[in-house]
Amino acid sequence: MNAPATTELPVVVIGAGPAGLAAAAHLVEQGIEPLVLEAGPTAGTAVREWSHVRLFSTWGEVVDPAAEKLLAPTGWTRPDPATYPSGGDWAESYLQPLADVLGDRVRYGARVTGVSRTGRDRIVDADREAQPFVVHVARTDGREERLLARAVIDASGTWATPGPAGGSGLPALGEKAAADRITYRVPELKDPAVRARYAGKRTAVIGSGASAFTALAYLADLAKSDDGSGTKGVWILRRGISGSTFGGGEADQLPARGALGLAAKAAVDEGHADAVTGFRTEAIERDTDGRLVLVGEDGRRLDAVDEVIVLTGFRPDLSFLDELRLGLDERLQAPVALAPLIDPNQHSCGTVYPHGHRELSHPEQGVYLVGMKSYGRAPTFLAMTGYEQVRSVAAAIAGDTESADRVELTLPETGVCGGAGLFDTPDAAEADGGGCCAPAPQLVQLGAPAAVEAAAEQAPAGGCCGS
């Protein structure tokens with residue numbers, strides 16, 4: 001814990017997204033002043049960039065209890081807890097009102113460029129923990145600020161640093177040069193300009209998670225519309241197709257998430273998308289018509305596509321934390337104690353154990369990575385996980401160790417396993433999802449039974465993790 005001399009300073013929270021604003025609400029509840037620094041112009045700036053995508057968590061699962069207490073005196077009421085908000089709904093109807101209640105505690109247009117200890121770079125040991133944190137901020141008008149803090153909670157997320165198309169974790173050769181035809185976001189096909197970009201075109205979708213499912217379902221809907229004739233998706237999977245590829249289906253405890261996977265399966269079964277398995281992109285080239293040709297590490301060259309949607313996950317930006325002593329797992333870039341609980345190479349689906357300040361702590365006392373940022377490169381983060389994280393962290397900063405250690409969290413089971421580290425093992429060579437939720441994965445034929453098709457029709461418009 002920080003020395004008494006720093007206790008009158010605020011706790012700096014980086015990011016005014018769901019986890020950051022919830023952290024501020026819990027700090028206020030503990031009698032501690034937060035200062036939320038948001039790089040964008042509004043609350044939930046990143047969430048608004050996928051405003052058209054529907055969460056697979058309900059309103060009942062994406063509102064933090066401490067935040068709701070702050071909002072209640074304003075007359076705010078939670079929307080129907082059984083309904084599914086879009087990203088836009090979440091930002092406009094919850095995140096912005098919460099930021100408004102916090103008032104001057106939230107600063108917009110304030111990008112954090114560095115965090116350290118006052119007068120101590122990461123090398124210096126002497127009297128280190130007694131020094132307050134120093135936070136450098138760049139404002140949109142060009143000004144620079146230097147702020148002091150008793151603790152720092154980094155809830156900046158990973159949205160700004162998506163994974164590349166390259167199968168080795170590096171950008172594919174030619175990927176940057178082809179940027180005019182590549183997007184790393186699920187496209188908003190209700191926007192006429194965006195719709196025209198994909199209508200009647202052949203589009204590659206690289207990825208195997210909820211975002212890829214969403215993009216495939218959107219493209220299938222476009223293909224079935226009057227103005228979308230000829231639209232075709234090419235689904236690029238780095239592994240094979242197994243019973244777990246499309247998630248938990250009807251067995252998923254988050255029904256909307258299960259239905260989303262079924263919708264993606266229907267897109268393939270109905271011929272609106274072709275699946276290309278075991279393909280790891282090495283290069284992206286242009287043909288004589290300017291279309292893109294994906295070249296695999298095994299030498300395969302796919303038929304040309306007009307557009308590429310890369311949805312290969314996200315990774316944390318740690319550059320502005322470089323002067324702090326962080327304890328991060330060498331694979332996931334998540335806190336060392338948290339990594340084994342969320343590692344898609346090892347853990348079973350839905351078995352994210354309760355965790356709080358102890359799992360989120362670092363050698364540098366008083367700094368915490370929370371929310372999606374805490375998961376590093378691991379997928380399938382849920383908002384309710386972040387809310388419990390920040391409740392525990394706020395209690396720890398306040399010195400209430402008993403409350404901070406009392407971490408209870410029950411998450412819905414999922415049929416989606418990461419399995420990124422399993423694809424070269426004999427038992428999982430053909431499994432795209434790792435098969436950790438069921439017996440050894442069996443390859444399945446892509447012929448949808450009527451029950452699957454019916455479930456796919458009920459899928460919400462999207463499926464973000466609600467982080």
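Computed from a predicted model, the values in this text were never measured in an experiment.
- Judged by distance alone, with hydrogens and angles left aside, the side-chain atoms of Arg202 form a donor-acceptor pair with the main-chain N or O of Ala304 at under 3.5 Å.
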Exercise for the section: Under the side-chain contact (heavy atoms from CB on, under 4.5 Å) rule, what do Thr58 and Glu61 come out as? Steps first, then yes or no, please. Expected result: CA-CA 5 Å; Thr58 64; Glu61 297 161 331; 3.4 Å; yes

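- The CG atom of Leu294 sits 4.5 Å away from the OG1 atom of Thr281 when rounded to the nearest 0.5 Å.
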Exercise for the section: Could you walk me through whether Glu38 and Arg107 pass salt bridge (charged side-chain N to carboxylate O under 4.0 Å, His left out), step by step? Expected result: CA-CA 6 Å; Glu38 167 59 44; Arg107 295 185 188 176; over 6 Å; no

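- In this structure the side chain of Leu147 reaches within 4.5 angstrom of the side chain of Val137, judged on heavy atoms.
- Between Arg139 and Glu145, at least one side-chain N (NZ, or NE/NH1/NH2) sits under 4.0 Å from a carboxylate O, which counts as a salt bridge.
- Relative orientation of the Tyr375 and His355 rings is tilted, given thresholds of 30° and 60° on the angle between their planes.
- Gln96 and Asp100 are linked by a side-chain donor-acceptor pair at a separation below 3.5 angstrom, with hydrogens and angles left out of the test.
- Between Arg391 and Glu29, none of the side-chain N atoms (NZ, or NE/NH1/NH2) sits under 4.0 Å from a carboxylate O, so this pair counts as no salt bridge.
- Taking the six-membered ring where the residue is Trp, Trp50 and Trp159 present tilted rings, their angle falling between 30° and 60°.
- Between atom OH of residue Tyr368 and atom CG of residue Asp154 there is a gap of 13.5 Å, rounded to the nearest 0.5 Å.
- In this pair, Tyr387 and Tyr94 present their aromatic rings perpendicular. The plane angle is above 60°, beyond the 30 to 60° band.
- You'll find the side chain of Pro18 stays beyond 4.5 Å of the side chain of Val62, heavy atoms only.
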Practice task
Before giving the answer on salt bridge (charged side-chain N to carboxylate O under 4.0 Å, His left out), spell out for Asp121 and Arg325 the whole-Å C-alpha distance, their side-chain angles and the decisive distance to 0.1 Å.
Solution key: CA-CA 10 Å; Asp121 62 24; Arg325 298 175 177 181; over 6 Å; no

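- Residue Lys232 comes nearest to Asp274 through the heavy atom pair CE-OD2, 3.2 Å, listed as atom of the first residue, atom of the second, then distance.
- Ion pairing of Arg120 with Glu323 is absent here, as no side-chain N (NZ or NE/NH1/NH2) approaches a carboxylate O to less than 4.0 Å.
- Looking at Val308, Val186, Val234, Leu219 one by one, the single match for side-chain contact (heavy atoms from CB on, under 4.5 Å) with Val205 turns out to be Leu219.
- Around CG of Asp104, the count of heavy atoms belonging to other residues, nucleotides or ligands within 6.0 Å does not exceed 12.
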Exercise for the section: Please assess Ser168 against Glu297 for the test side-chain contact (heavy atoms from CB on, under 4.5 Å), listing each intermediate value before the final yes or no. Expected result: CA-CA 9 Å; Ser168 300; Glu297 293 179 354; 2.8 Å; yes

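- Between Leu360 atom CG and Gln389 atom CD the span is 4.5 Å, to the nearest 0.5 Å.
- In this structure, the side chain of Thr118 does not engage the main chain of Gln131 through any donor-acceptor pair within 3.5 Å.
- The local environment of CZ in Arg111 is sparse, with at most 12 non-hydrogen atoms from other residues, nucleotides or ligands closer than 6.0 Å.
- The neighbour count for Glu144 CD, taken as heavy atoms of other residues, nucleotides or ligands under 6.0 Å away, does not exceed 12.
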Exercise for the section: Begin from the C-alpha positions of Lys190 and Asp221 and carry the test salt bridge (charged side-chain N to carboxylate O under 4.0 Å, His left out) through to its verdict. Expected result: CA-CA 11 Å; Lys190 291 183 180 179; Asp221 286 344; over 6 Å; no

Problem - Verdict with supporting geometry, Glu129 and Glu364, side-chain contact (heavy atoms from CB on, under 4.5 Å) - result: CA-CA 8 Å; Glu129 290 182 7; Glu364 192 80 70; 5.6 Å; no

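- Atom CZ in Arg117 sits 11.5 Å away from atom CG in Leu148 (nearest 0.5 Å).
- With values rounded to the nearest 0.5 angstrom, Thr214 atom OG1 is found 14.0 Å from Arg185 atom CZ.
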Practice task
Output, in order, the C-alpha distance, side-chain angles, deciding distance and verdict of salt bridge (charged side-chain N to carboxylate O under 4.0 Å, His left out) for Asp329 and Arg331.
Solution key: CA-CA 6 Å; Asp329 179 77; Arg331 294 165 299 163; 3.7 Å; yes

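- Atoms OG1 and CG, from Thr42 and Leu95 in turn, are 9.0 Å apart once rounded to the nearest 0.5 Å.
- At least one test fails for Arg300 against the ring of Phe279: distance under 6.0 Å to the centre or angle within 45° of the axis.
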Practice task
Dump the intermediate steps for side-chain contact (heavy atoms from CB on, under 4.5 Å) on Arg286 and Arg181, then the final yes or no.
Solution key: CA-CA 11 Å; Arg286 289 187 189 265; Arg181 297 210 173 188; 4.1 Å; yes

